[in-house]
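Since this is a predicted model, take the numbers as computed values, not measurements. Values reported hereafter were calculated over all heavy atoms of this structure, with side chains retained and with hydrogens, waters and symmetry mates removed.
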There are 2 protein chains.
Amino acid sequence: MKRNTWQREAVREALDGTGGFISAQALHSALHASGSPIGLATVYRALGDLASTGEADSLQSPDGEALYRACSTTGHHHHLICRNCGLTVEIAADEVEAWAKRVAGEHGFTGAAHVVDVFGLCADCTAAQRGADERRADATANGSSSSHPA
Amino acid sequence: MKRNTWQREAVREALDGTGGFISAQALHSALHASGSPIGLATVYRALGDLASTGEADSLQSPDGEALYRACSTTGHHHHLICRNCGLTVEIAADEVEAWAKRVAGEHGFTGAAHVVDVFGLCADCTAAQRGADERRADATANGSSSSHPA
DNA sequence: ACTGATGTTGACAATCATTATCAATAGACC
DNA sequence: GGTCTATTGATAATGATTGTCAACATCAGT
Ligand SMILES: [Mn+2]
Ligand SMILES: [Mn+2]
Ligand SMILES: [Zn+2]
Ligand SMILES: [Zn+2]
């Protein structure tokens with residue numbers, strides 16, 4: 001059966017004490033910094049377990065790193081994530097749930113799951129960046145710095 | 001300035017000739033198999049360029065691989081992807097666009113982008129799997145094989 | 001509390017996708 | 001054709017994640 005170890009508890013607590021999403025590597029560093037001798041492989045295993053039981057959410061960062069976050073809401077939900085500071089807001093999305101189910105069905109798909117995450121700049125980071133932008137409003141004549149999300 | 005090379009064209013065509021999403025590695029293999037001596041690094045570069053100009057969509061597979069697909073629709077859109085055969089349907093989602101914008105605004109977020117993809121089993125793969133399931137309906141007493149998407 | 005079976009750990013090696021190097025090559029323009 | 005330089009590609013380097021396996025710790029049974 002599944003045994004209780006201080007390692008798993010340490011990971012759970014460290015994750016709880018983290019505001020937004022964090023990588024396995026970063027969480028391991030944080031644990032080490034706070035004096036814990038936990039192994040890296042164990043952190044990976046613990047995070048994987050938490051994610052598979054629904055106690056944590058996981059998502060794939062744009063550069064291919066797996067990120068984890070303690071899940072406060074028990075049910076199914078999605079995230080609004082600050083791409084600068086990592087602040088994460090959990091959001092319900094009934095409309096989107098219905099939409100996903102419907103569009104899958106319309107195309108004959110079964111066992112539909114979905115990935116729905118919104119990225120942006122939180123209010124604080126927006127304010128901070130606005131200041132920086134004004135400070136260098138001269139060099140760049142080309143204003144297009146946008147990306148091409150799908 | 002940007003130069004035209006047969007390599008970039010080869011990648012574009014290979015991607016066009018692919019039904020669903022494909023990884024850089026797989027596309028490189030496919031090109032080699034068809035006799036092209038193109039280098040792996042070049043495939044990575046070409047795909048990155050296509051994605052950054054919006055000519056291709058990219059998404060991060062659950063196991064952290066970057067997948068690319070030639071984009072038929074020019075505008076913003078999303079995907080319905082068969083997790084078994086890779087068949088991909090491009091879908092417009094005005095509801096979701098509005099929802100994402102609204103929820104971001106409600107929380108003070110700016111510069112909102114979003115990731116919205118639906119995964120499932122396409123009609124064909126569903127039929128194929130149904131056959132396989134019936135053939136082994138005895139060993140497994142535990143029927144829960146579901147995951148915990150966020 | 002002791003003990004045995006076995007789930008768990010962690011140092012380390014192994015994978016594997018992706019990126020960085022950098023000398024050789026080949027477009028674009030004259 | 002000649003020059004300039006963006007591009008290529010073989011290869012090494014990076015970095016996250018997983019596999020290995022002997023040592024260890026948990027816990028049900030006693
Ligand atoms: Mn969550
Ligand atoms: Mn697309
Ligand atoms: Zn922020
Ligand atoms: Zn399919």
Side-chain angles (χ1 to χ4, degrees), chain A residues 1-15 18 20-53 55-69 86 147 150, chain B residues 1-15 18 20-53 55-69 81 83 86 142 147-148 150:
Chain A
M1 97 281 316
K2 175 157 295 188
R3 297 176 183 174
N4 293 327
T5 67
W6 63 264
Q7 286 93 334
R8 262 201 273 268
E9 194 50 39
V11 169
R12 210 193 312 263
E13 284 180 18
L15 197 61
T18 301
F21 280 88
I22 189 173
S23 69
Q25 302 274 353
L27 194 62
H28 179 243
S29 294
L31 282 164
H32 260 199
S34 69
S36 172
I38 191 173
L40 177 57
T42 302
V43 174
Y44 272 98
R45 284 187 285 243
L47 287 175
D49 288 349
L50 290 178
S52 74
T53 60
E55 296 183 71
D57 288 327
S58 70
L59 62 84
Q60 214 67 22
S61 87
D63 44 287
E65 219 181 352
L67 303 182
Y68 299 86
R69 178 171 188 277
S147 51
Chain B
M1 95 286 314
K2 176 157 295 188
R3 296 175 183 174
N4 293 329
T5 65
W6 64 264
Q7 286 94 335
R8 261 200 274 268
E9 193 51 38
V11 169
R12 210 193 312 264
E13 283 180 19
L15 197 61
T18 301
F21 280 87
I22 188 172
S23 70
Q25 301 275 354
L27 194 62
H28 178 243
S29 294
L31 282 163
H32 262 199
S34 69
S36 172
I38 190 172
L40 176 59
T42 302
V43 174
Y44 271 99
R45 283 187 285 244
L47 287 176
D49 288 348
L50 290 178
S52 74
T53 62
E55 296 182 71
D57 287 328
S58 70
L59 63 84
Q60 214 68 23
S61 86
D63 44 288
E65 220 179 350
L67 303 182
Y68 299 86
R69 179 173 189 275
I81 306 159
R83 67 167 65 94
N142 176 327
S147 50
H148 285 272

If you take all heavy atoms of B/Ala10 and B/Leu31, which pair is closest and at what distance?
-> O-CD2, 4.0 Å
Check: A/Gly39 main-chain N/O paired with A/His32 side-chain donor or acceptor under 3.5 Å | no
Grab the NE2-P distance between B/His28 and C/dT18 for me, whole Å please.
-> 13 Å
Pairs under 3.5 angstrom, nitrogen or oxygen only, protein versus nucleotides 16-18 of chain D, please.
from, atom 1, to, atom 2, distance (Å)
D/dT17, OP1, A/Ala66, N, 2.8
D/dT17, OP2, A/Tyr44, OH, 2.7

Contacts under 3.5 angstrom, residues 42-49 of chain A side chains, donor-acceptor by atom type, not counting sequence neighbours:
from, atom 1, to, atom 2, distance (Å)
A/Tyr44, OH, A/Gln25, NE2, 2.9
A/Asp49, OD2, A/Arg8, NH1, 3.3

Could you pull out the protein-nucleic contacts involving nucleotides 6-8 of chain C (nitrogen or oxygen on both sides, under 3.5 Å)?
from, atom 1, to, atom 2, distance (Å)
C/dT6, O2, A/Arg3, NH1, 2.9
C/dT6, O2, A/Arg3, NH2, 2.6
C/dG7, O4', A/Arg3, NE, 3.3
C/dG7, O4', A/Arg3, NH2, 3.4
C/dG7, O3', A/Met1, O, 3.2
C/dG7, N3, A/Arg3, NH1, 3.1
C/dT8, OP1, A/Arg3, N, 3.3
C/dT8, OP1, A/Arg8, NH2, 2.7

By side-chain hydrogen bond (donor to acceptor under 3.5 Å, both in side chains), A/Asp63 pairs with (sequence neighbours left out) A/Ser61
Earlier contact from the 5' end, DNA chain C, for A/Val43 and B/Tyr68 = A/Val43
Atom pair distance, as rounded to whole Å: CG in B/Leu31 and P in D/dT8 = 13 Å
Flag the pair A/Ile38 / A/His28 as yes when at least one side-chain heavy-atom distance between them is below 4.5 Å, and no otherwise.
-> yes
Whole-Å distance between D/dT7 P and B/Ile38 CD1?
-> 14 Å
Does the side chain of A/Phe21 reach to within under 4.5 Å of the side chain of A/Asp57, using non-hydrogen atoms?
-> yes
Who pairs with B/Ser23 by side-chain hydrogen bond (donor to acceptor under 3.5 Å, both in side chains), at least two apart in sequence or on another chain?
-> B/Glu65
Grab the CH2-C1' distance between B/Trp6 and D/dT7 for me, whole Å please.
-> 12 Å
Please round to the nearest 0.5 Å and tell me the distance separating atom CZ of A/Arg69 and atom CD1 of A/Ile22.
-> 12.0 Å
State, yes or no, whether a side-chain contact exists between B/Leu27 and B/Thr18 at a heavy-atom distance under 4.5 Å.
-> yes
A/Val11 vs A/Leu50 side-chain heavy atoms within contact, under 4.5 Å = yes
The helix from C/dA1-D/dT30 to C/dC30-D/dG1: angle between end helix axes, five pairs per end, rounded to 10 degrees = 40°
Using a 4.0 Å heavy-atom cut-off across all strands, classify A/Asn4 as base, sugar-phosphate, or nothing.
-> sugar-phosphate
What integer distance in Å separates A/Leu47:CG from C/dG10:P?
-> 13 Å
